[in-house]
Trainee: 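A single structure is presented below for examination.
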Amino acid sequence: MADEIIVVSGNKRLAGEVAVSGAKNSALKLMAASILARGPVVIHNVPLISDIEMMAQVLHGLGAVIERDGHTLTVDTTDVTKYEAPYEFVSKMRASIAVLGPLIARFGKARVAMPGGCQIGARKIDMHFDGLSSLGVTFDVDHGVLIAQTPHGLHGANVTLDFPSVGATENILMAAVVADGTTIIENAAREPEIEDLVDILCSMGAHIEGAGSSTIVIEGRPLGEFHPCEHTTVGDRIEAGTFLAGGALTGGPVTVRGVDPSFLRMALMKLRMMGCSVETGEDWIRVSRDGRLISTDIQTLPHPGFPTDLQAQFILLASCAEGVSLITENVFENRFMFAAELMRMGADIALEDHHAIVRGVSKLQGAPVSATDLRAGAALVLAGIVAEGTTEIHNIYHIDRGYEDYVGKLTSLGASVRRVGADA
Ligand code: UD1
């Protein structure tokens, strides 16, 4: 419900165990990849969040048949005949452009509404264009719709990205798998979600090497060789990092299960530097803290650097730490809107260009605040848990985009947090 809010009673300590869901940023692309195989593609560990529903609608609009059984989605794109992602979806969820590469692979053409601006910066798609153009794709824009065509088919090419863009790497990959010849992507994104996408593509019949490194080599195969498969989505490292931040903030111990600790190496290092104790097992991480949080400097970078999607959560930690932290955002422009909301709760943050200078305060105060994006929303709820008094978080549809049952999971860890109708 769009007008619901989350109400948090503060001064609580999070402790216990929580299971993380499958990674949103992986599952969305795994669903898009299903366009390449005719027949039922079965994807397990898909989170119950609104972004996934949106991607299901995009695929349904193309003609796919989608069934859900709990956290398992079956996507059958056998009867897909359309090759258009309309504005109605792309404007609401930018990740809809992940269908561009697979549609080009399947039909040799695609029509995708231009995503336009976004609250966390310009988020251009020039690298998607440049990479796909190297493979033989031509682009026109007609009344806000991007029209992609392949007049001479798709051919392998050497593509060097200016920046290791996650979305561009994925779109190029999903087209290159059916190109004639070999494609080499240099300066490719190395996020675990790229490896997950490569895994499903290989299970469908693609030949790809080097996923997880900066150089990915793709030997194109005919589309007819692609077949349906079954795949399990990797655990969501950002959801895990969010709960760990909650543990670090309140003392914990908080244990997250269902995520590979190596996905979060840099964030775990920062937690230790901030005075937390961190233990890990094969698929779990536990954080706890006795003394006060200690300030530290952080700069967001492409994986394996510190993830931009944990920046807000760590600005919150820095706000409650002893000393001054310098947080630098290198991935997105304009991703500090969260800081302004946190300042309403008593945080001391000075913003300068893409730097936030955060002076730790002894206590945050509950206040009405607004989620400005998905991760900011999650961090504001955590801020409410540690603050004095009551915090109301508005615009929580952002949180629902990416966190399955956030309120329920936090409640199970001991938070006093509930959803209420805004008018109640
Ligand atoms: C994905 C994630 C998002 C995460 C981000 C970085 C999904 C659905 N979203 O977003 O949660 O924060 O990776 O880890 O998976 N850029 C260009 N030109 C391009 C493409 C990107 O200039 O053609 C810029 C963007 O404006 C941004 C930066 O590169 O400043 C990173 O973007 P990218 O890695 O592509 O992020 P997304 O795939 O959009």
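All ligand and atom numbering here is 1-based and tracks the order in the structure.
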Trainee: Can a non-hydrogen atom of R94 be found less than 4.0 Å from any atom of ligand 1?
Mentor: yes
Trainee: Can you list the ligand 1 atoms lying under 4.0 Å from a non-hydrogen atom of D309?
Mentor: 3 (C), 4 (C), 11 (O), 12 (O)
Trainee: If the threshold is 4.0 Å, N to carboxylate O, is there a salt bridge linking R237 and E193?
Mentor: yes
Trainee: What part of F163 sits under 4.0 Å from ligand 1 if we count only heavy atoms: the side chain, the backbone, both or neither?
Mentor: side chain
Trainee: Heavy atom under 4.0 Å from ligand 1: found in K29's side chain, backbone, both, or neither?
Mentor: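 Side chain only; the backbone of K29 stays clear of ligand 1.
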Trainee: Return yes or no for this condition: an N or O of M127 is under 3.5 Å from an N or O of ligand 1.
Mentor: yes
Trainee: Please report whether ligand 1 has a polar contact with E170, defined as an N or O pair separated by less than 3.5 Å (distance criterion only).
Mentor: no
Trainee: Hey, which atoms in ligand 1 end up nearer than 4.0 Å to a heavy atom of V331?
Mentor: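 Answer, ordered by atom number: 27 (C), 28 (C), 30 (O), 31 (C).
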Trainee: Report, in ascending order of atom number, the atoms of ligand 1 lying under 4.0 Å from any heavy atom of G167.
Mentor: 35 (O), 38 (O)
Trainee: Do R106 and T77 pair up side chain to side chain, a donor and an acceptor below 3.5 Å, judged on atom types alone?
Mentor: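 Judged by distance alone, the side chains do pair up.
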Trainee: Is it the side chain, the backbone, both or neither of A95 that has a heavy atom closer than 4.0 Å to ligand 1?
Mentor: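 Side chain only; the backbone of A95 stays clear of ligand 1.
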Trainee: Mind checking side-chain hydrogen bond (donor to acceptor under 3.5 Å, both in side chains) for D260 and listing every partner two or more places apart, or none if nothing turns up?
Mentor: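 Here the qualifying residues are S262.
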Trainee: For the pair R335 and D309, find out whether any cationic side-chain nitrogen is under 4.0 Å from an anionic carboxylate oxygen.
Mentor: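 Yes, charged N to carboxylate O under 4.0 Å.
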Trainee: Of the listed options (T308, N330, V166), which comes nearest to atom 1 (C) of ligand 1 when hydrogens are ignored and any heavy atom counts?
Mentor: V166
Trainee: Is the shortest side-chain N to carboxylate O distance from E239 to K409 below 4.0 Å?
Mentor: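 Looking at K409 together with E239, the answer is yes, because their closest N to O distance falls below 4.0 Å.
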Trainee: Is there any N or O on K24 that sits under 3.5 Å from an N or O of ligand 1?
Mentor: no
Trainee: Salt bridge check, E170 against K29: does any charged N sit closer than 4.0 Å to a carboxylate O?
Mentor: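 Judged by the 4.0 Å cut-off on N to carboxylate O distance, K29 and E170 do form a salt bridge.
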Trainee: T280: what forms a side-chain hydrogen bond (donor to acceptor under 3.5 Å, both in side chains) with it, not counting sequence neighbours?
Mentor: none
Trainee: Would you mind running through ligand 1 and noting each atom that sits below 4.0 Å from a heavy atom of D126?
Mentor: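 With D126 as reference, the close atoms of ligand 1 come out as 17 (C), 18 (N), 19 (C), 22 (O), 23 (O).
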Trainee: Backbone N or O of L249 within a donor-acceptor pair of the R289 side chain at under 3.5 Å?
Mentor: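 The answer is yes, because a donor-acceptor pair under 3.5 Å joins these two groups.
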